[in-house]
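Structure first, commentary second.
Proteins come first, then strands; the chains are lettered A, B, ... in the order of their sequence lines, and each starts at number 1.
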2 protein chains.
Amino acid sequence: MRVPKRERQRQLGISLEQNPFLTDEELSRQFNVSVQTIRLDRLECGIPELRERLKTVAARTMEAEVKSLQSDEVIGEIVDIELDKRAISIFDVSEEHVFQRNGIARGHHLFAQANSLAVAVLDDDLALTVTSTLHFLRPVKAGDRVIARAIVDKDRSNDKRTFVEVFSTVENETVFTGEFEMYQTTDQSRRKS
Amino acid sequence: MRVPKRERQRQLGISLEQNPFLTDEELSRQFNVSVQTIRLDRLECGIPELRERLKTVAARTMEAEVKSLQSDEVIGEIVDIELDKRAISIFDVSEEHVFQRNGIARGHHLFAQANSLAVAVLDDDLALTVTSTLHFLRPVKAGDRVIARAIVDKDRSNDKRTFVEVFSTVENETVFTGEFEMYQTTDQSRRKS
DNA sequence: TCCGGATTAGCACTTGGTACTAATACCAGT
DNA sequence: ACTGGTATTAGTACCAAGTGCTAATCCGGA
């Protein structure tokens, strides 16, 4: 018994996690055991066969693609909106949004939520950000639910320029504020037919 | 001949693009033809079998996962860096970064490139953005290669605060500028041992 | 020396195919 | 009505990568 069974099974799991494309035969060569041993190991560990593994990996892709497509238009989920006035979106921070080193959310995700909310509230085919000023007040961690509130500043806006202010909070504490000067092509005086 | 062959093959392609998990048998039921006909159609259209389809879809996932992991730390690729002084990164804008409606890059991608470059140039375990002011000067389109240059403003910086300026250009034309006030935990006076 | 877990071998069977051949079906043109 | 050509269907042998099961073999320790 070169490598104890237990250790081999552990490595098997790791190998397949890294590369789910390995067949039993390839694995048997890798571990210097027979194909049958590999099968028994997979059975004991509850690891499905190659075809099943690929199926689940592929399924994960499709899901991710759909998700990234829909979540690309607006970062965060809009829960309330009154066009040209105000809007609210929710964004759940997870592991992939934070720095590995300190667990703090990367600034651009907070910006993305705020910016896309500013775009969405304007209901214009060509609303673009021209200038913006941001303040990151408190660090945001994985697991936090960030609620962003956008308010269109009517007073400072004119035909071509609209000012949107966004406040993002986590548990009622403001973590981020942003001021966005937006450019709009649509003539605002002709709007609201 | 209910549906002409040509049309059926077109639909077949669409079906499989949306859902690569369909077996020939399921497809034969969907189109009310024999399994053999489906096989001939796939052959003529050069569409591989189920297992091969899943393999490529799964491969795409793995690639994307690796890519997103490495590209998550820094948005864009750093091509030159002198710590605490300056840095340059390149970011190729593709279809997934732009608004579908007008083909213009979404602001948060430009911000992400600039912001992560500002973080990278500081070489600090806990460099966080506190405040920033952005100017989006020209629209950026898919296919554009954005070059961001970050410069640390030594004069305005002190122990706890560092100012970084980022200029992003496309073909020598400035498309974006950002000023980042960064917070650093490491005591700068004790740095550079 | 004998027991028991670990390993290996062998065989039948399954899925979802390929590759190939042969039989129909159907429609148009003459 | 006959013929030709395309489209479709059927059937067979075979493959990869398995599952499930039984049986044989190995090997190490009390």
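A:Arg42 comes within contact range of the sugar-phosphate backbone alone, with a heavy-atom separation under 4.0 Å but no base atom that close. Backbone-only contact: B:Glu49 has heavy atoms under 4.0 Å from sugar-phosphate atoms and none from a base.
Between B:Phe180 and the choices B:Thr129, B:Leu122, B:Thr162, the side chain to side chain contact (heavy atoms under 4.5 Å, CB included) rule is met once, by B:Thr129.
Atom pair A:Lys5:NZ and D:dC27:P shows a separation of 17 Å (rounding to whole Å applied). A straight line from CD of B:Gln36 to P of C:dA23 spans 16 Å, rounded to a whole angstrom. Distance CG (A:Leu43) to P (C:dT7): 14 Å, rounded to an integer number of Å. For the pair B:Arg6 CZ and D:dT6 C1', the computed distance is 14 Å after rounding to whole Å. Between A:Ile38 atom CD1 and C:dT7 atom C1' the separation is 11 Å, expressed in whole Å. Whole-Å rounding puts the A:Leu27 CG to D:dA17 P distance at 12 Å. Nucleotide C:dG17 holds its C1' atom 17 Å from the CZ atom of B:Phe21, rounded to whole Å. The CD1-C1' distance, from A:Ile47 to D:dT19, rounds to 16 Å in whole Å.
Scanning atom types as modelled, one donor and one acceptor separated by under 3.5 angstrom connect the side chain of B:Arg51 and the base of C:dG16.
For the pair A:Lys55 and A:Asp41, both in contact range of DNA chain C, the more 5′-proximal nearest nucleotide belongs to A:Asp41. Looking at which nucleotide of DNA chain D each of B:Val35 and A:Leu22 is closest to, the 5′-most match is held by B:Val35.
Contact between the side-chain N/O atoms of B:Thr37 and the OP1/OP2 oxygens of D:dT9 is found at a separation under 4.0 Å.
Ion pair A:Asp144/A:Lys141 not flagged as a salt bridge, since none of the NZ, NE, NH1 or NH2 atoms sits closer than 4.0 Å to an Asp/Glu carboxylate oxygen. Between B:Arg39 and B:Glu44 no salt bridge is recorded (no basic side-chain N to carboxylate O distance below 4.0 Å). Comment: B:Glu25 engages B:Arg29 in a salt bridge, judged by a side-chain N to carboxylate O separation of less than 4.0 angstrom.
Contact of the B:Arg8 side chain with the B:Asp41 side chain is registered, since non-hydrogen atoms from C-beta on lie closer than 4.5 Å.
Residues from residues 7-16 of chain A that place a heavy atom under 4.0 Å from any atom of DNA chain D: there are none.
For A:Ser34, counting side-chain heavy atoms from C-beta on, the closest listed nucleotide (C:dT8, C:dG17, D:dA17) is C:dT8.
Taking the ring centre of B:Phe163 as origin, the terminal cationic atom of B:Arg156 falls inside the region bounded by 6.0 Å and 45° from the ring axis.
Taking CZ of B:Arg42 as the start and CG of B:Leu16 as the end, the distance is 8.0 Å to the nearest 0.5 Å.
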